[in-house]
Amino acid sequence: IQSVGEFTKEGELSFLKSDSSLIVKIDIEIADDDLQREKGLMYRKQMDMLTGMLFIFEDENYRSFWMKNTLIPLDMIWIDKEQNVVHIAYDVQPCTEQVCPSINPGAEAKYVLEINAGLAQEKGISIGAVALIELH
């Protein structure tokens with residue numbers, strides 16, 4: 001059983017510019033079933049800089065997220081079924097209220113990547129970038 005906050009590398013996600021040059025490579029942990037997606041990064045006190053959690057869904061659809069019981073601010077990156085970045089929510093803050101607002105960008109996605117707040121801007125990840133996902 002994995003303790004709270006322990007990262008399990010299950011793959012890598014590389015962001016590429018339109019000319020196929022590498023922007024950044026992120027080690028990823030996968031959340032691909034209802035229980036894992038519901039738990040997400042809850043209760044984790046920290047995350048290494050070039051790591052993240054990739055939420056994988058069965059289909060492409062509108063995805064809402066909320067930050068209940070999440071302790072660290074995050075950048076959230078919505079990725080469509082063609083693995084193109086379609087939306088980024090920057091510096092989403094943890095929510096300590098009973099009712100947390102959900103983040104829904106109005107862009108359909110099959111994947112959503114959560115990384116440390118500030119990393120998307122620091123590394124230059126932008127809408128239109130390509131996300132190459134490699135699972136182990």
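As the structure is a computational prediction, the values presented were derived from the model and not from experiment.
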Quick one: CG on Leu16 to NZ on Lys25, what's the gap to the nearest 0.5 Å? 9.5 Å
In Å, rounded to the nearest 0.5 Å, how long is the span from CD of Gln46 to OG1 of Thr51? 9.5 Å
How about Asn116 and Met49: do any of their side-chain heavy atoms sit closer than 4.5 Å? yes
Answer with yes or no whether the hydrophobic clustering places Ile115 together with Leu54; edges join I, L, V, M, F, W, Y residues whose side-chain heavy atoms lie under 4.5 Å apart. yes
Closest non-hydrogen atom pair between Ile127 and Ile88, with its separation: N-CD1, 4.1 Å
Quick one: pull up NZ in Lys110 and CG in Asn61 and give me the separation to the nearest 0.5 Å. 11.0 Å
Side-chain heavy atoms of Leu74 within contact of Met47, under 4.5 Å: yes
Can you list the steps and then say if Phe65 with Trp78 is a side-chain contact (heavy atoms from CB on, under 4.5 Å)? CA-CA 11 Å; Phe65 281 75; Trp78 278 256; 4.1 Å; yes
Does any non-hydrogen side-chain atom of Asp27 lie less than 4.5 Å from one of Leu50? no
Cluster overlap Ile77 with Leu135, hydrophobic side-chain contacts below 4.5 Å: yes
Value for CD (Glu58) from CG (Asp33), rounded to nearest 0.5 Å, stands at 9.0 Å
Less than 4.5 Å apart, side chain to side chain, heavy atoms only: is that true for Leu113 and Met53? no
Value rounded to 0.5 Å, distance of CG in Asn69 from SG in Cys95: 9.0 Å
Of all heavy-atom pairs between Ala89 and Ile103, which one has the smallest distance, and what is that distance? CB-CG2, 4.0 Å
Side-chain touch Val112/Ile79, heavy atoms, less than 4.5 angstrom: no
Joint hydrophobic cluster, Ile72 plus Phe55, side-chain heavy atoms closer than 4.5 Å: yes
How close do Leu22 and Ser14 get, heavy atom to heavy atom, and via which atoms? CD1-CB, 3.8 Å
Are Val92 and Trp66 packed together at the side-chain level, in the sense that at least one heavy-atom pair is separated by less than 4.5 angstrom? no
Tyr111 and Val24: same hydrophobic cluster, using ILVMFWY side-chain contacts below 4.5 Å? yes
Does the side chain of Glu10 reach to within under 4.5 Å of the side chain of His136, using non-hydrogen atoms? no
Flag yes if more than 12 heavy atoms outside Gln121 fall under 6.0 Å of its CD atom; otherwise flag no. no
Would you say that more than 12 heavy atoms from the other residues, nucleotides or ligands in this model lie under 6.0 Å from the CD of Glu82, or not? yes
side-chain contact (heavy atoms from CB on, under 4.5 Å) between Ile30 and Thr8, intermediate numbers included: CA-CA 9 Å; Ile30 303 300; Thr8 303; over 6 Å; no
Sequence-distant partners of Leu71, side chain to side chain contact (heavy atoms under 4.5 Å, CB included), two or more places apart: Lys45
Cationic tip of Arg63 within the cone over Phe57's six-membered ring, i.e. under 6.0 Å and within 45° of the normal? yes
Can you tell me how far apart CZ (Arg44) and CZ (Phe7) are? Round to the nearest 0.5 Å. 8.0 Å
Determine whether a donor-acceptor pair (N or O, by modelled atom type, separation under 3.5 Å) exists between the side chain of Arg37 and the backbone of Asp32. yes
Please answer whether the main-chain N or O of Asp80 pairs with a side-chain N or O of Glu60 as donor and acceptor at a distance below 3.5 Å. no
So if you build clusters from Ile, Leu, Val, Met, Phe, Trp, Tyr with side-chain heavy-atom gaps below 4.5 Å, do Ile133 and Val85 land together? yes
For the residue pair Gln93 and Asp91, establish whether any side-chain heavy-atom pair is separated by less than 4.5 Å. yes
What do you reckon, is CG of Asp48 surrounded by more than 12 foreign heavy atoms closer than 6.0 Å? no
Would you check if there is a donor-acceptor pair between the side chains of Tyr90 and Asp75 at a distance under 3.5 Å? no
